[in-house]
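Remarks on the structure that follows.
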Amino acid sequence: SLLQESMMEVGLRAELTPTQRKHDSDAKLQLEKENLAWLKEQCAESERLTSGMVDILESFEVRLGKLEETILPVYQETGNLQRRQENIDKTLTELDHVINYYNVSKEVENVVREGPGGTTLHNFLEAMKKLKGALDYFSTNNPGSIELENVRSLYTTGGSALSREFSELLKKHSRPISAIEILNSVSANDSVSGDEISHASSDDFSSISHFPEEVQSSMVQIAEWLCINDREEYMNVYANIRAHMMKKSLEQLRDHQKTASMGSQGRGISPSRHKIASPAAASAVTQESSATPTGRKISHQSKRLQQKLNKRMTSMSVKLEAATGVAIPVGRRYLGDPGGEEGHGGAQDSEVELFLTTITGLQRLMASEQQLMVGIIPLKWHKRIFEMITRDSLDLVAKEGEAITTRVRKSIASCDFVGVLTLFHLLRHMMTLKPLFDVTLEGCDPAVRNKYTTMLAGLQTSGTLALDGFIEGIRSDSTTKEKMPKDGTVFQLTSNILMYLEQLVDYMDTIADILAQDASYNQSILKIPRRILPKDRPQALLGLYIKKVLKQLNATLGIKSLLYSDPFLKAVFLLNNYMYILRAVAKVGLLDVVSLCAPECQSNYQEMITEQKRVYSQSWERVLHHIWNADDIPTAILMAPGKLQDKYCKVIKEKFSGFNREIEDISSTQKRYSIPDVELRESLKRDNKEYILPKYNSFYDKYANVQFSKNIEKYIKYTPAQVSGLIDSFFDVAA
């Protein structure tokens with residue numbers, strides 16, 4: 001479109017004449033001249049305005065300069081006057097402060113001389129604070145002045161007074177913790193559920209109170225001052241006094257429990273009169289002690305543990321009697337022959353309960369002492385002072401632990417395995433306490449920290465000896481022929497072992513920890529066909545041990561059975577014991593433990609029982625010899641007409657006479673045999689009948705109607721029904 005307009009303009013111009021084009025150009029030139037003139041006029045006006053503004057600004061600058069020259073000296077002088085005023089005020093303040101330093105010694109002398117007991121501790125510490133300020137001032141600004149000596153002397157006197165006050169407060173208010181408080185703490189933090197002992201947090205010791213709250217606060221304030229002022233000797237005083245109190249507390253706890261125990265005996269109760277249904281029940285302390293004032297304060301924990309132990313042992317005896325039909329004799333502690341050992345065992349078990357309470361009380365006291373040190377002893381010195389406080393008490397308990405370990409080892413040597421069960425009870429309790437002791441003794445000197453570990457290791461070593469010694473005790477059982485059961489009933493050794501093994505299940509984790517230290521058990525675990533999960537490992541380890549015990553018991557029973565001259569009484573003896581073992585392990589849960597590593601256990605015992613039944617059945621061979629042999633008379637001869645020949649009559653007479661003689665002899669003998677297991681007894685009678693009666697029926701039917709004698713009733717004494725009645729009278733001496 002622009003192109004079109006240009007072309008149109010060119011065309012129009014082409015149409016204009018030269019005159020017209022000149023006139024047009026002149027008009028445009030005139031217009032441009034007018035525009036230029038207007039622009040020049042505007043530029044001139046702008047220059048005029050600019051010149052006026054510059055003049056105004058220059059005038060203002062001159063006036064500001066004159067004002068600054070006038071005001072600045074005044075400002076500077078005012079600032080100088082203000083600084084002088086501030087310096088004068090500060091000087092006056094400092095002079096007042098310094099003057100106060102010169103007056104401090106007179107102002108606080110009476111307070112310091114009288115000591116903290118003459119005023120409140122707060123006022124005394126404020127006085128010592130003023131003395132400290134004066135001492136610092138004179139030491140820095142006037143070290144040679146007499147005022148410095150006065151202040152220093154007073155400050156030293158005040159520091160000594162604070163040290164004495166700390167010691168006096170500590171001695172006055174430190175007291176042995178009463179046995180009741182310790183036992184209440186043990187009872188409050190321990191809970192017994194079933195046979196397990198669970199421990200609450202070691203931070204809860206509300207029942208142990210060392211100092212009143214205001215005394216504790218005062219000691220914290222004094223200790224803070226002593227520490228800041230490098231008077232750290234107070235910590236040694238604190239450690240010595242608190243160590244003595246802790247040891248006295250433990251000694252009073254032991255005396256209290258001993259007095260409670262003696263109180264029950266003082267009422268005429270002899271430990272040996274408390275019969276036990278199984279070995280571990282001997283550890284119970286006589287309960288009659290509650291009748292005395294001291295006895296009523298015995299630890300609830302100790303009572304509960306003893307009651308549960310008695311209840312568990314009674315229940316176990318009842319279960320075994322119900323399962324096997326064998327009455328469990330009371331008062332047995334040893335694998336072999338009993339004999340007057342109960343009093344000694346009861347005393348030993350009581351000592352163990354006393355030790356358990358003592359070591360638990362020690363842990364409570366140690367933890368409470370750690371809390372007591374907070375604020376009194378600087379954190380960096382906690383472990384060192386704590387070692388000093390606990391060393392003597394730990395030594396005391398460690399010696400008791402060593403003595404008990406020695407007695408337990410003597411029990412092992414004498415095959416007193418009730419003492420061994422006491423060891424497991426002790427070991428489990430101490431392993432439960434170990435995490436608490438580890439936390440309490442964390443950071444202490446290894447010699448102190450290892451005391452508990454050493455005690456525990458000694459008990460674990462004794463546990464290993466006990467477990468091995470138990471098997472050795474079975475192997476070396478010294479029961480003589482004269483003391484073997486005359487009727488072939490369950491061997492006392494067998495019943496004792498089964499009760500012992502049943503109790504081991506209660507200490508499964510403890511025993512598993514002991515067995516795990518034996519490489520042979522770990523290798524045996526790897527050889528078990530099924531995969532043993534970590535949670536099943538304790539059961540598998542205990543199962544291996546029980547399997548080992550049962551294996552040795554079987555071997556010992558085999559050896560003891562050789563003491564019987566009657567081979568069939570020997571078979572009855574083994575039958576009774578094998579059946580008792582099978583019933584007992586199934587009834588009390590041992591079979592589940594053993595089957596994890598020995599699934600064939602039950603079938604093995606069933607096979608052994610079957611084999612002994614077979615051996616027992618051979619006792620009928622001499623009876624069968626007369627009624628079931630090769631010289632039997634043919635029926636044709638018996639049925640032939642006429643009188644039976646004398647030689648045949650004689651044979652028949654000998655058969656009946658021999659049968660009568662042997663059946664009467666075997667009946668008389670086997671009435672004296674004892675088979676307490678009802679099911680086994682009835683099954684043997686049933687087997688006897690099934691084995692004998694069909695053969696005797698056949699013999700009786702064949703010869704009963706034969707005229708082989710004029711006095712038939714002399715030879716035919718027993719009908720089949722009467723033979724069955726004789727068999728029913730077996731294993732019953734009263735029949």
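A quick note: this is a predicted structure, and the numbers were derived from the prediction, not measured.
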Could you note down all residue pairs passing side-chain hydrogen bond (donor to acceptor under 3.5 Å, both in side chains) where residues 218-227 supplies at least one of them, sequence neighbours left out? Ser217-Gln221
Keeping the roles fixed (side chain from Asn229, backbone from Arg231), state whether a donor-acceptor pair exists under 3.5 Å. no
Under 30°, 30 to 60°, or over 60°: which ring-plane class applies to Phe166 and Tyr238, parallel, tilted or perpendicular? tilted
Measure the acute angle between the ring planes of Tyr452 and Phe437, then classify it against the limits of 30° and 60° as parallel, tilted or perpendicular. parallel
Taken in chain and number order and not counting sequence neighbours, the residues that satisfy ring-ring contact (aromatic ring centres under 6.0 Å, His included) with Phe424 are none
Would you kindly say whether Arg364 and Asn184 are connected by a side-chain donor-acceptor distance under 3.5 Å? no
Taking only Lys NZ, Arg NE, NH1 and NH2, and the carboxylate oxygens of Asp or Glu, determine whether Arg449 and Glu442 approach each other closer than 4.0 Å. no
Give me each pair satisfying ring pair (Phe, Tyr, Trp, His ring centres under 6.0 Å) with a member in residues 355-383, each pair once, sequence neighbours excluded. none
Lys/Arg N to Asp/Glu carboxylate O, Arg384 vs Glu387, below 4.0 Å: yes
Are any non-hydrogen side-chain atoms of Leu121 and Leu162 less than 4.5 angstrom apart? yes
Can you confirm whether the side chains of Asn80 and Arg83 place a donor and an acceptor under 3.5 Å from each other? yes
State plainly whether the residues Glu109 and Arg113 are in salt-bridge range, i.e. N to O under 4.0 Å. yes
Quick one: does Ser174's side chain have a donor or acceptor within less than 3.5 Å of a partner on Lys171's backbone? no
Start with the C-alpha gap between Asp26 and Gln30, add the side-chain angles, then the distance that decides, and say whether side chain to side chain donor-acceptor pair (under 3.5 Å) holds. CA-CA 6 Å; Asp26 290 339; Gln30 185 60 35; over 6 Å; no
Please check this pair: side chain of Ser145 against backbone of Asn142, looking for a donor-acceptor N/O pair closer than 3.5 Å. yes
Begin from the C-alpha positions of His210 and Arg242 and carry the test side chain to side chain donor-acceptor pair (under 3.5 Å) through to its verdict. CA-CA 10 Å; His210 294 283; Arg242 296 310 306 165; 2.8 Å; yes
Sequence neighbours excluded, which residues qualify as salt bridge (Lys or Arg N to Asp or Glu O under 4.0 Å) partners of Asp395? Lys451
Got a sec, which residues hit side chain to side chain donor-acceptor pair (under 3.5 Å) with Arg152, two or more places apart in sequence or on another chain? Glu149
Do Leu394 and Leu441 touch side chain to side chain, with heavy atoms closer than 4.5 Å? yes
Given salt bridge (Lys or Arg N to Asp or Glu O under 4.0 Å), test Arg63 with Glu58 step by step and report yes or no. CA-CA 9 Å; Arg63 290 178 181 179; Glu58 288 177 350; over 6 Å; no
Show which side-chain atoms of residues 122-137 pair as donor or acceptor with protein atoms under 3.5 Å away, not counting sequence neighbours.
residue, atom, partner, partner atom, Å
Asn123, ND2, Thr119, OG1, 3.3
Asn123, ND2, Thr120, OG1, 3.0
Lys130, NZ, Glu107, OE2, 2.8

